[in-house]
Participant: 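One structure, pasted below without further comment.
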Amino acid sequence: MKNIDHLPYIEEHGKALAGALLTWYQQNKRDLPWRKNHDPYRIWISEVMLQQTQVDTVIDYFNRFMVTFPTIEALAGADEEQVLKAWEGLGYYSRAKRLKQAAQVMMLDYDGAFPTTYAETLKLPGIGPYTAGAVMSIAYNLPVPAVDGNVLRVFSRVFNDDRDIGDMKTRKAFEHMAKALLPEDSRHFNQALMELGATICTPKNPRCEACPIHALCRAKASLRQKDLPVKKKRQKNIPLEMEVALVRHDHHTLIVKRSSEGLLADLWGFPIVKRDEALQDGMSIHDELEEFLGVKVKPTGEIKKAKHVFSHRTWHMTLYAFDIDHKVRPHFPQVEWIDLTKESDFPLPTAFKKLIVHM
DNA sequence: AACTCGGGGTT
DNA sequence: AACCCAGAGTT
C-alpha cells in the first residue's frame, strides 16, 4: 500500500473533498454552547476541556465555567483552588492549572487579550499544536490545521494510510496533509473534519452510507475502513491496594491536601496509603494515621470497599472509619474538616467521592 | 520515543 | 475488558 505521498490525491480531489465536507457540516453541525460566537476565550476553554473528554461531558462544565470565570481577567485573578473546583470530576487537573497560568500570561504580555498568531498561542501553557490550531482557525479563521484524534482517524481512512497514528511522525505528516487540503473557510473545515469523525467516521462501525465523502474514501474503496486507523501503543493498567481513612468528629470529616506532584496533584482527599508500603514499614492504616495526626484515634470498625479505574492504574480501596476526640489541625500536610452531606469549596476527585455515597 | 495524567461512554 | 476521546508536558 502506498501511504507516504498523498499530495497527488489531494491535488486531484482536495477541492471536491473540502466542498462536500463544508456543505455537510453546514447542514449537520451540532448546536453547542461554544459555537454561539467566535470569542477566542470561549473557544480556548472549550478546546482544553475537550482534550481527551467527550462533548456530552463537557457541555455542563463549560457553561458553569463561563459563569464563574466570564473573562480572561477573571480566570487570571482566581485562586487555583477555585479553578480546580470548577474542574472537579473532569480529570487531567493540570489542564485547569495551566488555564489559569495561560490567562496570567495573557494579562501580562497581551493586555488581557488572547494572542492573535499561531506561534504565540503555541507558547502558552497547556496549549499544544492541536489546541493552537483549533483556536486560531475557529476564532480568527487563520489558515492553520487542527489535527486531533478524529482527524487522524478520518485521514487514515480517506487516504487508506496504515501508519501508526500514535506515532509523532504520522501526526506531523497528517498535519501537512491537512494544510494542503485546507480551503479558505478553515474555521468550518477544521470543525467539519472533527464533527465527521465524532458522528460518522467513528472508531467502530463507521456509518459510511451517511458519509458525505465516502465516494472519495480510499479505505472504503478497498473495504478496509474497519481495519483503520492503525494504533499500536497500549499502556497496561496496574492494580493497587489502597487503604483509606475516614476520620470523623462532630459530623465533620478530615480531608488532606494532596502532594503537588503525581496523580491528583493539589487536590483534596481522605488520608490514603498503599497497602504494600504500609506493610513494609510494619504499619497499619491505624498506625500511619496516628503518626501523621500526632494523636490517638479510635477505630470504629466500619469498612467499605470501592474500585476506581484511572487510565494507567486501578485503586482497590478499603475504607476504615475512625473517631477522634477533637479536630486536629497539623501544619503539614494541610487539612480541613468538612461536612460530607454538604458541598464544600475543596476540589475532591471522583475516586474519593465514590466513598461518600451512602454515608 | 515512552510515560504521566482522569473519568466516562461504547462496543 | 478493551478501546476511545476536539492532547500536552516531561523525561
Side-chain angles (χ1 to χ4, degrees), chain A residues 29-30 32-35 42-62 84 87-99 101-102 121-139 145-154 164-172 175 178 189-199 201-206 226 229-239 258-267 269 307-315 347-354:
Chain A
K29 67 176 173 184
R30 291 170 290 181
L32 300 170
W34 46 90
R35 287 179 175 165
R42 294 170 61 89
I43 307 296
W44 168 44
I45 300 300
S46 72
E47 290 300 341
V48 173
M49 286 186 172
L50 286 161
Q51 289 169 10
Q52 303 296 291
T53 309
Q54 317 225 119
V55 167
D56 289 344
T57 305
V58 165
I59 292 174
D60 287 343
Y61 280 94
F62 176 81
L84 286 171
W87 212 262
E88 182 185 80
L90 255 189
Y92 287 138
Y93 296 94
S94 63
R95 291 185 293 174
K97 299 177 194 172
R98 289 170 184 145
L99 276 184
Q101 293 166 12
T121 303
L122 189 57
K123 290 181 187 167
L124 295 168
I127 297 190
Y130 164 72
T131 305
V135 178
M136 290 299 96
S137 62
I138 297 172
V147 176
D148 70 335
N150 286 310
V151 178
L152 290 172
R153 182 172 59 255
V154 171
D164 177 8
I165 63 167
D167 190 336
M168 194 60 66
K169 290 199 301 274
T170 308
R171 201 180 62 70
K172 286 295 173 193
E175 266 182 16
F189 177 76
N190 284 342
Q191 294 183 83
L193 266 180
M194 295 189 276
E195 192 94 339
L196 186 77
T199 62
C201 197
T202 48
K204 292 178 181 174
N205 304 320
K226 283 198 170 188
V230 173
K231 194 172 187 178
K232 287 198 172 73
K233 288 169 191 157
R234 211 168 299 171
Q235 49 196 357
K236 70 175 177 184
N237 193 304
I238 299 165
R258 295 173 57 80
S259 154
S260 57
E261 293 178 353
L263 193 62
L264 304 175
D266 292 324
L267 276 78
K307 182 177 83 163
H308 186 74
V309 181
F310 298 97
S311 35
H312 56 298
R313 64 190 81 161
T314 299
W315 282 1
L348 203 65
T350 303
F352 294 106
K353 288 204 159 185
K354 281 182 179 177

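Here is the naming used below: chain letters follow the sequence lines, and residue numbers restart at 1 for every chain. These numbers come from a predicted model, not from an experiment.
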Participant: Would A:Asp164 and A:Lys231 count as a salt bridge (charged side-chain N to carboxylate O under 4.0 Å, His left out) here? Give the steps.
Facilitator: CA-CA 5 Å; A:Asp164 177 8; A:Lys231 194 172 187 178; over 6 Å; no
Participant: With A:Pro349 as reference, evaluate A:Leu90, A:Leu264, A:Leu263 under the side-chain contact (heavy atoms from CB on, under 4.5 Å) test and give the passing residue.
Facilitator: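 The side-chain contact (heavy atoms from CB on, under 4.5 Å) with A:Pro349 is passed solely by A:Leu264 among A:Leu90, A:Leu264, A:Leu263.
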Participant: Whole angstrom is fine here: how far is it from CG in A:Leu50 over to C1' in C:dA6?
Facilitator: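 Result: 5 Å.
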Participant: Can any side-chain N or O of A:Arg258 pair as donor or acceptor with the backbone N or O of A:Gly269 at less than 3.5 Å?
Facilitator: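 Here the side-chain-to-backbone pair does not exist.
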Participant: Hey, is the main chain of A:Pro33 close enough, under 3.5 Å, to the side chain of A:Arg42 for a donor-acceptor pair?
Facilitator: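 Side chain of A:Arg42 to backbone of A:Pro33, a donor-acceptor pair under 3.5 Å: yes, one is there.
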Participant: Is A:Lys123 near enough to C:dA8 that one of its side-chain N or O atoms lies under 4.0 angstrom from OP1 or OP2?
Facilitator: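 No, A:Lys123 has no side-chain N/O under 4.0 Å of OP1/OP2 on C:dA8.
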Participant: Side chain of A:Arg171, base of C:dA8: donor and acceptor closer than 3.5 Å?
Facilitator: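 No such pair is found, so the answer is no.
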Participant: Atom NZ of A:Lys29 and atom C1' of C:dA6: how far apart are they, to the nearest Å?
Facilitator: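 One finds 16 Å between C1' of C:dA6 and NZ of A:Lys29, rounded.
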Participant: Quickly work out the A:Lys172 NZ to B:dA1 C1' distance and round it to whole Å.
Facilitator: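 Atom-to-atom, A:Lys172 to B:dA1, this comes out as 15 Å.
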Participant: For the side chain of A:Thr131, counting heavy atoms from C-beta on, which of C:dA6, C:dC4, C:dG7 is nearest?
Facilitator: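 Within the option list, the nearest is C:dG7.
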Participant: May I ask you to decide if A:Val48's main-chain N or O and A:Trp44's side chain share a donor-acceptor pair within less than 3.5 Å?
Facilitator: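 Judged by distance alone, no pair lies under 3.5 Å.
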Participant: Between A:Glu195 and A:Lys29, is a salt bridge (charged side-chain N to carboxylate O under 4.0 Å, His left out) present by the stated rule, with each step listed?
Facilitator: CA-CA 7 Å; A:Glu195 192 94 339; A:Lys29 67 176 173 184; over 6 Å; no
Participant: Using only side-chain N and O atoms of A:Lys169, determine if any of them is under 4.0 Å from OP1 or OP2 of B:dA1.
Facilitator: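 Result: yes.
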Participant: Mind calculating the distance between CE (A:Met168) and P (B:dA2) to the nearest angstrom?
Facilitator: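 Rounded to the whole Å, the gap is 11 Å.
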Participant: Rounded to the nearest Å, what distance is computed from the NZ atom of residue A:Lys236 to the C1' atom of nucleotide C:dA1?
Facilitator: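 My rounded result for the distance is 16 Å.
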Participant: Whole-Å distance between C:dG7 P and A:Glu47 CD?
Facilitator: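 Rounded to the whole Å, the gap is 8 Å.
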Participant: If I pick the P atom on C:dA6 and the same atom on B:dT10, what distance separates them, to the nearest angstrom?
Facilitator: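 Comparing P positions in B:dT10 and C:dA6 gives a spacing of 12 Å.
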Participant: Sub-3.5 Å donor-acceptor pair from the side chain of A:Thr53 to the main-chain atoms of A:Leu50, do we have one?
Facilitator: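 Checked: no pair found.
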Participant: Is the backbone N or O of A:Gly166 less than 3.5 Å from a side-chain atom of A:Arg171, with the two atoms forming a donor-acceptor pair by type?
Facilitator: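 Pair absent, no side-chain N/O of A:Arg171 close to backbone of A:Gly166.
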Participant: Any side-chain heavy-atom pair from A:Leu99 and A:Trp87 closer than 4.5 angstrom?
Facilitator: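 Of all side-chain heavy-atom pairs linking A:Trp87 with A:Leu99, at least one is under 4.5 Å.
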Participant: Which letter, B, S or -, goes with each nucleotide of nucleotides 4-11 of chain B from 5' to 3', with contact meaning a protein heavy atom under 4.0 Å?
Facilitator: BBBBBS-S
Participant: When you measure from the side chain of A:Asp148, which nucleotide among C:dC5, B:dA1, C:dG7 comes out closest?
Facilitator: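 Of C:dC5, B:dA1, C:dG7, C:dG7 is nearest to the side chain of A:Asp148.
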Participant: Could you list the protein-to-nucleotides 9-11 of chain C atom pairs, N/O on both sides, closer than 3.5 Å?
Facilitator:
residue	atom	partner	partner atom	Å
C:dG9	OP1	A:Gly126	N	2.5

Participant: What is the distance from CE of A:Met136 to P of C:dA6, rounded to the nearest Å?
Facilitator: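 Rounded to the whole Å, the gap is 21 Å.
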Participant: Output the rounded distance in Å from CG (A:Leu99) to C1' (C:dA8).
Facilitator: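 Result: 12 Å.
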Participant: Less than 3.5 Å apart, which donor and acceptor atoms pair up between the side chains of residues 122-134 of chain A and the rest of the protein, not counting sequence neighbours?
Facilitator:
residue	atom	partner	partner atom	Å
A:Tyr130	OH	A:Glu47	OE1	2.6
A:Thr131	OG1	A:Gln51	NE2	2.9

Participant: Please work out if A:Arg35 contacts a base, only the sugar-phosphate, or nothing of the nucleic acid, heavy-atom cut-off 4.0 Å.
Facilitator: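 Base contact.
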Participant: Sticking with atom P, work out how far C:dT10 lies from B:dG6, rounded to a whole angstrom.
Facilitator: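 Each nucleotide's P atom is 14 Å from the other's.
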